[in-house]
Amino acid sequence: MLVGVPKEIKNHEYRVGLTPAAVKEFVTHGHSVIVETQAGAAIGFTDERYEAAGATIVSTAKQVFAEAEMIVKVKEPQPNECKMLRQGQTLYTYLHLAPDPVQTELLVESGATCIAYETVTDDRGGLPLLAPMSEVAGRMSVQAGAHYLEKAHGGSGTLLGGVPGVAPGKVLVVGGGVVGINAAKMALGLGADVTILDRSLPRLRQLDDVFNGQVKTVYSTVDAIEHYSSNADLVVGAVLIPGATAPKLINEDHIKAMKPGSVVVDVAIDQGGCFATSKATTHQDPVYIVDDVVHYCVANMPGGVARTSTMALNNATLPFGLALANKGPKQAMLEDKHLLNGLNVHQGKVTYKAVVDALGEKLGLTYTPAEEALR
Ligand SMILES: NC(=O)c1ccc[n+]([C@@H]2O[C@H](COP(=O)([O-])OP(=O)(O)OC[C@H]3O[C@@H](n4cnc5c(N)ncnc54)[C@H](O)[C@@H]3O)[C@@H](O)[C@H]2O)c1
């Protein structure tokens, strides 16, 4: 198969669909790869490295879209990219179609086979191509929090690890899923005093085992949120109710009751955020202050560490990408129900129910089950 990797064109997006190492895997399996010039240059993946891995460098995205049988990207295609897709071509990337009628309409019109990373599943009911970005964001949340706790950055001047003779800072993690466990690991590594709140008892039991009692696990109630947030130096918001907007667990009064100069990092901001005072920010202007509490609400945290994120994403996307190339997209999806769950649009049909639920009426779309559309 001829696989194509265009340069990402969203503002300040430095990630890239395939690393040189991933290109080498495709080439080793007998496939050809074309990469748009400078696609990975911003994160150290130069054209020379792609060539050494066996790729051919082409000078424009237009060439990539015109020639490749499968396009591998990171972010959802922008309108001009959608217009370059065609029937018979496969698109493998994050799509997030439900809130995006323009993209959905353009992908339906394109006739292409569009597989969304975020809806591919695994045997444990997880989302394996979303998890690496949650791991990155979880770990970053504590790094960002520690930075903004410094006096010069608006914080209270607290060192999370403390020093001998001075107690460590208190970190509260609300939601103990993938983001939460990674935030807790980082905070513990820095020597902080860490508490995780979650609504799931099985999850709290698991966290208690994983951390061997070094992290406090507390069942998430209004009372617990009130108590632990008012004592915390850093609160990480990491809740998720799949498919729904995040619940506002921390309200304005909780924020008012926090210590001046404490920091909140709302990782769940991409689902609307779990603090009542949150509004999405960017890496260029990441924080603002409400009631003396520093708010960090970057909606696209992994983009800030684009090199690590690209490698982590490739580790997860590569096996499915290779299956698509080796077997052909149709066969690969029919043989693997988890990859099939990734199919969102195929030859003008929308094959992911949540997208039709969200946009069906507005765009006049009906739902076709993925397997039926493929067969
Ligand atoms: N900002 C970013 O760049 C970025 C990056 C990655 C993920 N995220 C977001 O981070 C959030 C968390 O993602 P995840 O992968 O960790 O999800 P996850 O499903 O692994 O974990 C969510 C956890 O929240 C818990 N929860 C649900 N309701 C709760 C409540 N009322 N109180 C306490 N806990 C509750 C669940 O039991 C679960 O353990 C999501 O909104 C995700 O979209 C944001």
Side-chain angles (χ1 to χ4, degrees), residues 10 17 69-79 81-134 177-178 240-246 268 270-272 299-300 313 316-317 319-321 323-325 327-375:
K10 259 195 121 171
E69 296 166 79
M70 176 164 75
I71 303 287
V72 183
K73 274 175 56 60
V74 179
K75 296 303 285 184
E76 70 280 3
Q78 301 304 292
E81 292 177 314
C82 291
K83 285 174 193 154
M84 289 192 277
L85 290 166
R86 60 169 190 277
Q87 178 129 5
Q89 196 170 39
T90 298
L91 172 68
Y92 181 49
T93 190
Y94 286 119
L95 293 177
H96 298 289
L97 290 181
D100 192 345
V102 174
Q103 189 202 167
T104 303
E105 210 162 26
L106 287 170
L107 292 185
V108 167
E109 274 168 24
S110 75
T113 299
C114 307
I115 301 164
Y117 291 161
E118 72 274 10
T119 66
V120 173
T121 51
D122 66 20
D123 277 333
R124 290 169 303 151
L127 301 171
L129 307 193
L130 210 51
M133 296 304 100
S134 288
V178 182
L240 176 67
I241 298 177
T245 46
D270 62 339
Q271 301 289 332
N300 173 30
L313 181 62
T317 56
F320 295 107
L324 289 165
K327 299 175 183 173
K330 181 176 166 185
Q331 197 55 30
M333 284 187 273
L334 289 175
E335 282 180 19
D336 180 349
K337 65 175 192 279
H338 295 303
L339 184 55
L340 185 69
N341 285 335
L343 187 66
N344 276 226
V345 180
H346 178 65
Q347 293 182 350
K349 297 189 176 85
V350 179
T351 55
Y352 198 72
K353 191 153 181 317
V355 176
V356 177
D357 290 345
L359 299 173
E361 212 168 298
K362 184 172 180 171
L363 301 180
L365 301 170
T366 50
Y367 166 63
T368 310
E371 193 169 342
E372 188 186 312
L374 284 178
R375 289 188 193 282

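FYI, side chains are in, hydrogens and waters are out, and symmetry mates aren't considered; it's all heavy atoms of this structure.
For the pair Leu127 and Thr121, the minimum side-chain heavy-atom distance is below 4.5 Å. The side-chain heavy atoms of Pro77 and Cys82, taken from C-beta on, include a pair separated by under 4.5 Å. Counting heavy atoms from C-beta outward, Val74 and Tyr94 have side chains that approach closer than 4.5 Å. Leu130 is not listed as a side-chain neighbour of Val178, based on a closest heavy-atom distance of 4.5 Å or more. Looking at Leu95 and Leu107, their side chains come closer than 4.5 Å, going by heavy atoms from C-beta outward.
Atom CG of residue Leu374 and atom CE of residue Met333 lie 5.0 Å apart, to the nearest 0.5 angstrom. With values rounded to the nearest 0.5 angstrom, Leu343 atom CG is found 10.0 Å from Thr368 atom OG1. Ile71 contributes atom CD1, which lies 7.5 Å from atom CZ of Arg86 (distance to the nearest 0.5 angstrom). The distance from the OG1 atom of Thr317 to the OH atom of Tyr92 is 5.0 Å, given to the nearest 0.5 Å. One finds the CD atom of Glu118 at 7.0 Å from the CG atom of Leu97 (value rounded to the nearest 0.5 Å). Atom CD of Glu335 sits about 11.5 Å away from atom CG of Leu340, to the nearest 0.5 Å.
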- Verify side chain to side chain contact (heavy atoms under 4.5 Å, CB included) between Glu76 and Thr93, making sure each step is shown before the conclusion. CA-CA 6 Å; Glu76 70 280 3; Thr93 190; 5.7 Å; no
Report task. Show your working on side chain to side chain contact (heavy atoms under 4.5 Å, CB included) between Leu359 and Val350 and close with a plain yes or no. Result -> CA-CA 10 Å; Leu359 299 173; Val350 179; over 6 Å; no
Q: Please test Leu334 against Arg375 for side chain to side chain contact (heavy atoms under 4.5 Å, CB included), starting from the C-alpha separation and ending with a verdict.
A: CA-CA 9 Å; Leu334 289 175; Arg375 289 188 193 282; 4.0 Å; yes
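Screening Thr119, Thr351, Thr104 for a side chain to side chain donor-acceptor pair (under 3.5 Å) involving Asn344 leaves a single residue, Thr119.
When all heavy atoms of Ala98 and Ala354 are compared, the closest pair comes out as CB-O, 4.3 Å. Between Ala316 and Pro132, the closest heavy-atom pair is CB-CG, 3.7 Å.
Between Lys73 and Glu81, at least one side-chain N (NZ, or NE/NH1/NH2) sits under 4.0 Å from a carboxylate O, which counts as a salt bridge.
Under the 3.5 Å distance criterion, the side-chain polar atoms of Gln347 are left unmatched by any main-chain donor or acceptor of Ala373. Side chain of Thr113 to main chain of His346: no donor-acceptor pair is present (N/O by atom type, distance under 3.5 Å, no hydrogens or angles). Between the side chain of Gln103 and the main chain of Pro101, no donor-acceptor pair closer than 3.5 Å is present.
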